[in-house]
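Since the model is a prediction, treat every value here as computed from it, not as a measurement. Residue indices begin at 1 and follow the sequence shown.
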Amino acid sequence: MAVDQWQSRIEALEGKVTDLEARLDLKNKEVAYMYIHSNWALIRWYLAREQDRSGEGSEIYVRTKNAETLIDRQLSRNLRDVHFASDPMEVAYRWRIESTVILKENGYTFFD
């Protein structure tokens with residue numbers, strides 16, 4: 001084989017590797033987004049249920065609203081971080097840990 005043929009094959013393979021790396025990066029980001037959103041949906045559902053059970057003005061209602069607000073404030077920052085992180089799941093796991101800490105500070109330990 002001539003050098004030109006090898007060069008074109010190498011360039012084709014490099015292009016394929018670059019494409020696969022980009023697709024893998026996109027999939028990793030999608031998985032991290034899904035992880036955060038699914039956990040956030042579960043947390044919000046539970047906190048909304050607690051709010052409905054206890055009624056507005058109760059101590060439990062105030063705690064659930066506080067936890068929901070604090071976690072929600074972190075959400076956009078962490079979703080933005082997922083996009084720019086070299087390891088998107090690390091950001092998702094960090095968000096989950098931070099959310100669990102907030103829930104514990106507000107009296108909830110069901111995510112342990």
Side-chain angles (χ1 to χ4, degrees):
M1 274 190 152
V3 173
D4 291 339
Q5 289 177 330
W6 281 108
Q7 185 64 33
S8 65
R9 290 178 105 185
I10 290 170
E11 288 172 1
L13 288 172
E14 287 174 344
K16 193 172 223 173
V17 167
T18 301
D19 179 54
L20 289 172
E21 286 174 337
R23 288 170 45 196
L24 178 63
D25 184 51
L26 179 63
K27 289 295 180 191
N28 286 338
K29 289 176 185 175
E30 289 174 349
V31 168
Y33 285 132
M34 180 66 125
Y35 183 86
I36 290 172
H37 280 293
S38 63
N39 279 290
W40 179 223
L42 175 64
I43 291 167
R44 272 196 343 235
W45 170 82
Y46 183 83
L47 294 175
R49 188 180 74 161
E50 289 294 301
Q51 291 168 13
D52 290 345
R53 282 184 177 175
S54 61
E56 195 169 337
S58 70
E59 186 263 334
I60 292 174
Y61 184 88
V62 171
R63 283 188 310 140
T64 58
K65 276 304 215 186
N66 184 51
E68 185 177 7
T69 302
L70 292 172
I71 294 169
D72 189 45
R73 286 181 188 162
Q74 294 181 8
L75 190 61
S76 61
R77 174 183 52 85
N78 281 285
L79 290 175
R80 189 174 44 252
D81 288 350
V82 163
H83 185 71
F84 296 107
S86 59
D87 184 5
M89 282 307 292
E90 183 180 315
V91 174
Y93 294 142
R94 186 184 67 224
W95 176 83
R96 178 62 186 254
I97 291 167
E98 291 171 359
S99 298
T100 302
V101 168
I102 290 171
L103 289 167
K104 280 185 174 186
E105 288 172 349
N106 285 280
Y108 297 99
T109 59
F110 56 92
F111 286 105
D112 292 344

Problem set entry | Same apolar cluster: W45 and L47, side chain cutoff 4.5 Å | yes
Problem set entry | Distance (rounded to the nearest 0.5 Å) between E105 CD and T100 OG1 | 11.0 Å
Exercise. Taking a hydrophobic cluster as the set of Ile, Leu, Val, Met, Phe, Trp and Tyr residues connected by side-chain heavy atoms closer than 4.5 Å, whether directly or through intermediates, do V101 and I36 fall within one such cluster?
Worked result: no
Problem set entry | E14 vs I10 side-chain heavy atoms within contact, under 4.5 Å | yes
Exercise. Which value, rounded to the nearest 0.5 Å, describes the distance between E50 atom CD and K65 atom NZ?
Worked result: 13.5 Å
Problem set entry | R53 to Y61, cation-pi by 6.0 Å centre distance and 45° axis angle | no
Seminar exercise, completed: Output for pair (R63 CZ, S58 OG), nearest 0.5 Å, gives 9.0 Å
Problem set entry | CZ on R49 to OG on S54, rounded to 0.5 Å | 11.5 Å
For this session: Determine, for D72 against R44, whether the closest basic-nitrogen to carboxylate-oxygen distance falls under 4.0 angstrom.
Result: no
For this session: Hey, could you give me the OG1/CD distance between T64 and E68, rounded to the nearest 0.5 Å?
Result: 7.0 Å
Problem set entry | Contact check, side chains of I43 and I71, non-hydrogen atoms, under 4.5 Å | yes
Exercise. Does anything in residues 17-37 pair up under ring pair (Phe, Tyr, Trp, His ring centres under 6.0 Å), and if so which pairs, sequence neighbours excluded?
Worked result: Y35-Y93
Problem set entry | Non-hydrogen side-chain atoms of R94 and E98 separated by less than 4.5 Å | yes
Problem set entry | Heavy-atom side-chain proximity of R73 to T69 below 4.5 angstrom | yes
Problem set entry | Single-linkage hydrophobic cluster, 4.5 Å side-chain cutoff, W40 and M89 together | no
For this session: Indicate yes or no: at least one non-hydrogen side-chain atom of V31 is less than 4.5 angstrom from one of P88.
Result: no
Problem set entry | Flag if over 12 foreign heavy atoms under 6.0 Å of CD, E90 | no
For this session: Kindly indicate whether the side chain of W95, heavy atoms from C-beta on, has any atom under 4.5 Å from the side chain of L75.
Result: yes
Exercise. Among all residues two or more places apart in sequence or in another chain, which pass the side chain to side chain donor-acceptor pair (under 3.5 Å) test with D25?
Worked result: K29
Exercise. Do you reckon I97 sits in the same ILVMFWY cluster as L103, going by side-chain contacts under 4.5 Å, direct or chained?
Worked result: no
For this session: Assess the side chains of E56 and Q51: does a donor N or O sit below 3.5 Å from an acceptor N or O?
Result: no
For this session: Work out which heavy atom in A32 is nearest to a heavy atom in A92; give both atom names and the distance.
Result: O-CB, 3.9 Å
For this session: Hey, could you give me the OH/CD1 distance between Y108 and I102, rounded to the nearest 0.5 Å?
Result: 13.5 Å
Problem set entry | Other ILVMFWY residues reachable from L20 by side-chain steps of under 4.5 Å | none
Exercise. Is the backbone of Q74 close enough, under 3.5 Å, to the side chain of N78 for a donor and an acceptor to pair up by distance?
Worked result: yes
